[in-house]
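Every value quoted in this text rests on a predicted model; they were computed, and no experiment measured them.
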Amino acid sequence: MDRIFTRFSQYVAMLAGQPQAFILAITIILIWSASGPIFGWSDTWQLVINNSTTIVTFLMVFLIQNAQNRDASAIQAKLDELIRALKPARNEFIGIEHLTETELREIQKIMEETYGKGSFHHGVVQRLIKRR
């Protein structure tokens, strides 16, 4: 069951991120809007779009969240492996994603005080932007 849900959620998340999905959504809204006069702008006509969008949104939240959780876990595992593989890297950073928000902010504060707030990297980023 887990593999089926994983494949299904990956597939739906991939489809939902395509331009065609956006075009389909716009088309449905336009058709619904154009049908308003035909149905006399009735309450039922309004309920159709309200219920449809609510159901789709409710289901998509779970499917996309599942795909994002899996992607984040995979990226975290890769980063942990890089930390382990690099001699100058500090192994203490492995697993910090399990800390509280307050603890993470404290680590960020210490890192910024020690190494600066990215001023070194700011120039590099600016040069990369200018190249485009």
Task: Shared hydrophobic cluster for L86 and F93 (ILVMFWY, side-chain gaps under 4.5 Å) - done: no
Task: Single-linkage hydrophobic cluster M111~I96, side-chain heavy atoms < 4.5 angstrom - done: yes
TODO: For residues A67 and A13, report the shortest heavy-atom separation together with the two atoms involved.
DONE: CB-CB, 3.9 Å
Open item on the list: So D80 and E97, do their side chains get closer than 4.5 Å, heavy atoms only?
Closed with: yes
Open item on the list: Any non-hydrogen side-chain atom of F5 less than 4.5 Å from a side-chain atom of L63?
Closed with: yes
Open item on the list: How long is the straight-line distance from CD1 of I107 back to CZ of R105, given to the nearest 0.5 Å?
Closed with: 12.5 Å
Open item on the list: Can you give me the closest heavy-atom contact between I94 and R84, atom names plus distance?
Closed with: CD1-CG, 3.5 Å
TODO: Each residue besides L15 in its hydrophobic cluster should be listed here, by chain and number; the cluster joins Ile, Leu, Val, Met, Phe, Trp and Tyr at side-chain heavy-atom distances under 4.5 Å.
DONE: Y11, M14
Task: I4, CD1: over 12 other non-hydrogen atoms inside 6.0 angstrom - done: no
- [ ] Calculate, to the nearest 0.5 Å, the distance between atoms CD1 and CG belonging to I64 and D71 respectively.
- [x] 11.5 Å
Task: Between CD1 on residue I55 and CE on residue M60, distance to nearest 0.5 Å - done: 14.0 Å
Open item on the list: Count I, L, V, M, F, W, Y as connected when their side-chain heavy atoms are under 4.5 Å apart, and connections chain through other members. Are L99 and I83 then in the same cluster?
Closed with: yes
Task: K78/E81 ion pair, N-O < 4.0 Å - done: no
- [ ] May I ask you to list the residues sharing a hydrophobic cluster with F22, side-chain cutoff 4.5 Å, ordered by chain and number?
- [x] I26, L30
Task: From CZ (R70) to CD (Q65), nearest 0.5 Å - done: 11.0 Å
- [ ] Nearest 0.5 Å please: distance from the CD1 atom of I23 over to the CD1 atom of I28.
- [x] 12.5 Å
TODO: Show your reasoning for whether side chain to side chain contact (heavy atoms under 4.5 Å, CB included) applies to L24 and Q18.
DONE: CA-CA 10 Å; L24 176 64; Q18 299 296 315; over 6 Å; no
Task: V56 with V48, same ILVMFWY side-chain cluster at under 4.5 Å - done: no
- [ ] Sequence neighbours left out, what pairs pass side-chain hydrogen bond (donor to acceptor under 3.5 Å, both in side chains) with at least one residue falling in residues 36-63?
- [x] S35-W45
